[in-house]
Amino acid sequence: MTPLAALRLRLDTMEPGIPSQLHGSLTAATTETDRLARMVEGLLALARMEETAHAPEPVDLDPVLVAWSSLYARQGVRLDLIGKPGATVLALPGALEQILDNLLSNALRSAPEGSAVTVSRRLTATGAEVQVQDQGPGMTAEQRRLAFDRLWRAPDAPKGGTGLGLALVQRLTLAGGGEALLIPAPGGGLNAVVRLRSTTPRRRHSLAGVPHPRRRTVRPGTVRGNGDGRPRPCDPDRRSTPLSNG
């Protein structure tokens with residue numbers, strides 16, 4: 001048992017015999033103990049990530065999102081999931097759960113009761129993108145710039161945060177080859193965007209009639225060579241040359 005866990009247990013055992021006028025102080029001490037435990041856990045997670053090299057692994061995106069629906073409902077906030085399910089992304093072992101847990105926890109603390117948090121997911125040309133958008137007070141441009149710093153908290157941030165959640169989100173995302181950013185949500189609130197590599201990115205579609213740059217199209221009747229290693233001239237009107245990506 002860790003020292004913080006032992007302290008939490010002592011506080012729990014004190015509750016039955018404590019005078020009623022001290023219940024508020026006991027609740028505050030319990031809350032701060034839990035917050036300190038989360039802070040230590042976050043610092044340990046950052047330290048482990050920086051000292052240990054892991055390769056990203058495929059992981060399903062949807063189970064983590066669905067698991068939060070019931071918790072949101074108990075808090076009186078609706079969780080709307082938008083986008084086609086079934087995306088598989090690449091992330092460090094255990095990283096996706098921590099990334100989404102931190103983003104969804106932050107959004108739930110900021111969202112007013114009766115509001116909604118929208119989680120949209122979509123495949124992109126390079127991977128997958130997840131956006132967690134709340135209807136809370138949002139952040140200023142300066143606050144968004146500082147939000148990924150360790151232990152930073154907004155002056156009007158809801159109680160219970162540690163200032164490590166977004167720092168952990170950014171570092172876990174970068175370690176998996178992705179990126180994380182914060183932008184204003186339309187109509188107020190905050191939109192946290194995480195872009196991750198995917199095992200099934202959306203394919204780029206070429207223009208109609210334009211061959212794929214990796215393929216060379218040869219029309220019937222076009223001669224590619226003499227068979228002796230020397231190129232054989234062909235009718236320029238019948239030559240098909242693919243366009244390059246450049």
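Excluded from the calculations below are hydrogen atoms, water molecules and symmetry mates; all remaining heavy atoms, backbone and side chain alike, are included.
The line from CZ of Arg121 to NZ of Lys84 is 11.5 Å long, rounded to the nearest 0.5 Å. With rounding to the nearest 0.5 Å, the separation of OG in Ser115 from CG in Leu108 is 9.0 Å. To the nearest 0.5 Å, atom OG1 of residue Thr173 and atom CD of residue Gln98 are 10.5 Å apart.
Put simply, the side chain of Trp68 reaches to within 4.5 Å of the side chain of Asp101, judged on heavy atoms. Taking 4.5 Å as the limit, some side-chain heavy atom of Leu104 sits within range of a side-chain heavy atom of Leu79. Looking only at side-chain heavy atoms (C-beta outward), Arg171 and Arg150 come within less than 4.5 Å of each other. For the pair Leu168 and Asn102, the minimum side-chain heavy-atom distance is below 4.5 Å. By the 4.5 Å heavy-atom criterion applied to side chains, Met139 and Leu182 are counted as neighbours. Counting heavy atoms from C-beta outward, Thr118 and Ile82 have side chains that approach closer than 4.5 Å.
Minimum interatomic distance between Ala147 and Leu166 (heavy atoms only, all atoms of both residues): O-CB, 3.5 Å. Residues Leu92 and Gly176 share a closest heavy-atom pair of CG-N, 4.5 Å. Between Gln143 and Gly138, the closest heavy-atom pair is OE1-O, 4.4 Å. Nearest approach of Ala111 to Val77, heavy atoms of both residues: CB-CG1, 4.0 Å.
Note on Leu81 and Leu103: same hydrophobic cluster, where clusters join Ile, Leu, Val, Met, Phe, Trp and Tyr whose side-chain heavy atoms are under 4.5 Å apart, directly or indirectly. No chain of hydrophobic side-chain contacts below 4.5 Å, direct or via other Ile, Leu, Val, Met, Phe, Trp or Tyr residues, connects Ile183 to Leu196. Hydrophobic cluster membership differs between Leu181 and Val194, with clusters built from Ile, Leu, Val, Met, Phe, Trp and Tyr side chains linked at under 4.5 angstrom. Using a 4.5 Å cut-off between side-chain heavy atoms of Ile, Leu, Val, Met, Phe, Trp and Tyr, with links allowed through other members, Trp152 and Leu174 fall into different hydrophobic clusters. Residues Val193 and Ile99 are members of separate hydrophobic clusters, defined by side-chain heavy-atom contacts under 4.5 angstrom among Ile, Leu, Val, Met, Phe, Trp and Tyr.
Sorted by first and then second residue, the pairs that involve residues 69-79 and meet side-chain hydrogen bond (donor to acceptor under 3.5 Å, both in side chains), not counting sequence neighbours, are Arg78-Asp80.
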ask   = Could you go step by step and tell me if Thr88 and Val59 meet the side chain to side chain contact (heavy atoms under 4.5 Å, CB included) rule?
value = CA-CA 5 Å; Thr88 301; Val59 58; 5.9 Å; no
task = Any chance you could lay out the side chain to side chain contact (heavy atoms under 4.5 Å, CB included) test for Asp134 and Asn106, step after step, and finish with the verdict?
result = CA-CA 9 Å; Asp134 63 57; Asn106 286 348; over 6 Å; no
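Applying the 6.0 Å contact sphere to CD of Glu142 captures more than 12 heavy atoms from other residues, nucleotides or ligands.
Residues passing the side chain to side chain contact (heavy atoms under 4.5 Å, CB included) test with Ala185, sequence neighbours excluded: Gln133, Asn191. Scanning for side chain to side chain contact (heavy atoms under 4.5 Å, CB included) contacts around Arg197 gives Pro56, Leu90, with sequence neighbours left out.
For the residue pair Thr140/Arg144, the side-chain donor-acceptor check at 3.5 Å is not satisfied.
Checking side-chain atoms of Ser110 against main-chain N and O of Ala107 turns up no donor-acceptor pair under 3.5 Å.
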